[in-house]
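Right, one structure below, let's go through it.
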Amino acid sequence: MTRPPESTNAATLAAYDVAAGAYAEGTPAAPPDRVTSVFDLLATHVRPPATLLEIGSATGRDADLLEERGYAVTRTDAASSFVNLLRRRGLVADRLNVLTDEVRGVYDVIYANAVFLHFSRGELVGVLARMLPHVRARGRLVFTVKGGTGEGLSTHPLDLPRHVTSWQEPALRQLVSSTGWQVLELTADTSGDTEWLTVIARPTV
Ligand SMILES: C[S@@+](CC[C@H](N)C(=O)[O-])C[C@H]1O[C@@H](n2cnc3c(N)ncnc32)[C@H](O)[C@@H]1O
């Protein structure tokens with residue numbers, strides 16, 4: 001029997017554990033326009049107040065802004081460095097690795113900005129399927145990944161290897177739809193030097 005390829009996620013998380021400070025320093029306090037646009041788009045689907053589970057909160061910038069907009073945000077990350085950083089800010093944050101841990105609770109929104117790009121295609125299939133019972137029937141899954149082709153280790157901009165998978169719209173749409181989600185939005189932002197794809201989906205009934 002062929003064994004599945006070893007996950008690269010442990011190496012990615014190890015990089016974040018070492019470089020959380022550098023990542024935080026490189027994260028502008030004000031979000032880029034593309035992130036604000038995602039928040040605006042989300043608000044057309046699920047208006048606050050609503051419960052929102054954030055996967056991969058990192059510095060917590062998006063969580064803070066979503067809270068300001070009226071969402072009840074649960075902050076999580078798989079990297080203990082980021083969980084500790086959030087806790088040092090006096091915030092409640094849980095350690096949650098969506099590849100290996102069970103998600104608890106059911107939310108109006110699950111949000112993951114620039115997180116699922118760290119997963120292989122096979123890992124993303126598993127994660128999307130496991131998110132399904134944790135979003136209410138009328139709720140939404142919102143996530144962003146990088147547009148493009150290929151997957152592999154990237155050392156930009158942290159100087160430490162992290163796995164990155166880039167996506168093209170048709171393949172991403174097909175994969176999301178195959179895991180029990182109906183894709184409601186799949187938008188591309190090409191305003192910067194990186195293309196970002198945003199998916200908003202709801203559970204298929
Ligand atoms: C590029 S950063 C994005 C962080 C934040 N969402 C933002 O936009 O600034 C990727 C994040 O994904 C988290 N991450 C990577 N693998 C994960 C996993 N298996 N489960 C949950 N979070 C993970 C990392 O710890 C990191 O916080």
Side-chain angles (χ1 to χ4, degrees), residues 6-39 42 52-67 71 73-89 91 93-105 107 109-131 134 141-148 151 153-167 189 192 194-199:
E6 207 67 6
S7 174
T8 55
N9 195 240
T12 298
L13 292 175
Y16 281 119
D17 269 336
V18 170
Y23 185 86
E25 276 170 29
T27 302
D33 289 346
R34 72 157 188 97
V35 173
T36 311
S37 302
V38 174
F39 293 168
L42 167 62
L52 183 150
L53 171 69
E54 184 180 24
I55 296 164
S57 297
T59 63
R61 179 198 63 195
D62 289 8
D64 295 348
L65 296 166
L66 287 162
E67 250 174 19
Y71 295 96
V73 180
T74 299
R75 296 166 172 82
T76 71
D77 206 289
S80 45
S81 53
F82 286 133
V83 172
N84 293 338
L85 184 151
L86 293 167
R87 288 179 180 165
R88 280 198 300 274
R89 289 182 51 210
L91 296 162
D94 295 325
R95 183 119 181 247
L96 175 65
N97 182 328
V98 286
L99 291 176
T100 56
D101 299 335
E102 194 162 322
V103 177
R104 292 206 213 113
Y107 298 84
V109 180
I110 292 184
Y111 171 82
N113 180 26
V115 177
F116 295 172
L117 52 76
H118 288 314
F119 303 154
S120 68
R121 287 169 168 76
E123 286 172 334
L124 183 56
V125 168
V127 166
L128 292 177
R130 290 196 300 115
M131 292 297 115
H134 301 285
L141 170 70
V142 183
F143 69 92
T144 69
V145 290
K146 283 186 179 176
E151 62 183 300
L153 292 175
S154 165
T155 52
H156 176 78
L158 293 181
D159 267 350
L160 288 167
R162 295 170 300 157
H163 177 93
V164 175
T165 301
S166 300
W167 286 90
D189 184 309
T194 302
E195 181 184 43
W196 287 94
L197 302 178
T198 298
V199 175

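Both counts, for ligands and for their atoms, begin at 1 and track the order of listing.
The proximity of Leu13 to ligand 1, defined as any non-hydrogen pair under 4.0 Å, is limited to the side chain. Counting heavy atoms closer than 4.0 Å to ligand 1, residue Val98 contributes atoms from both its backbone and its side chain.
In this structure, Glu67 pairs ionically with Arg75, as a charged nitrogen and a carboxylate oxygen lie closer than 4.0 Å. The pair Arg130-Glu102 fails the salt-bridge criterion, with no side-chain N (NZ, NE, NH1 or NH2) lying under 4.0 Å from an Asp/Glu carboxylate O.
With hydrogens and angles disregarded, a donor-acceptor distance shorter than 3.5 Å links the side chain of Arg61 to the backbone of Pro28. Thr12 places a side-chain N or O within 3.5 Å of a backbone atom of His163 that can act as its donor or acceptor partner. Not a single donor-acceptor pair under 3.5 Å links the side chain of Glu25 to the backbone N or O of Ala22.
Taking 4.5 Å as the limit, every side-chain heavy atom of Asp62 sits out of range of all side-chain heavy atoms of Val73.
Nearest non-hydrogen protein atom to atom 16 (N) of ligand 1 is Asn9 ND2, 3.1 Å. Scanning all protein heavy atoms for the shortest distance to atom 1 (C) of ligand 1 gives Tyr16 OH, 3.0 Å. Protein heavy atom closest to atom 11 (C) of ligand 1, with residue, atom name and distance, is Val115 CG2, 4.0 Å. Looking at atom 8 (O) of ligand 1, its nearest protein heavy atom turns out to be Asn113 ND2, 3.1 Å. When only non-hydrogen protein atoms are considered, atom 10 (C) of ligand 1 lies nearest to Ala114 O, 3.2 Å. Ranking protein heavy atoms by distance to atom 27 (O) of ligand 1, first place goes to Asp77 OD2, 2.6 Å. When hydrogens are left out, the protein atom nearest atom 5 (C) of ligand 1 is Gly56 O, 3.2 Å; that is the closest non-hydrogen contact. From the protein, the heavy atom lying nearest to atom 7 (C) of ligand 1 is Tyr23 OH, 3.5 Å.
Residues Ser7 and Glu123 bring a donor and an acceptor atom of their side chains to less than 3.5 Å of each other.
The contact set between ligand 1 and His118, taken as ligand atoms under 4.0 Å from a residue heavy atom, comprises 1 (C), 10 (C). The distance from ligand 1 to the heavy atoms of Ala78 drops below 4.0 Å at these ligand atoms: 17 (C), 18 (C), 20 (N), 21 (C), 22 (N), 23 (C). Close contacts between ligand 1 and Asn97 involve ligand atoms 18 (C), 19 (N), 20 (N) [criterion: under 4.0 Å to a heavy atom]. Near Ala58, meaning under 4.0 Å from one of its heavy atoms, ligand 1 places the atoms 4 (C), 5 (C), 27 (O).
Using a 4.0 angstrom heavy-atom cutoff, Leu96 counts as in contact with ligand 1.
Partner of Val18 under the side chain to side chain contact (heavy atoms under 4.5 Å, CB included) criterion, out of Leu13, Asp159, Leu160: Leu160 alone.
Classification of the Tyr111-Phe39 ring pair by plane angle, with boundaries at 30° and 60°, yields tilted. Using the six-membered ring where Trp is involved, Tyr16 and His118 have ring planes that are perpendicular, over 60° apart on the 30 and 60° scheme.
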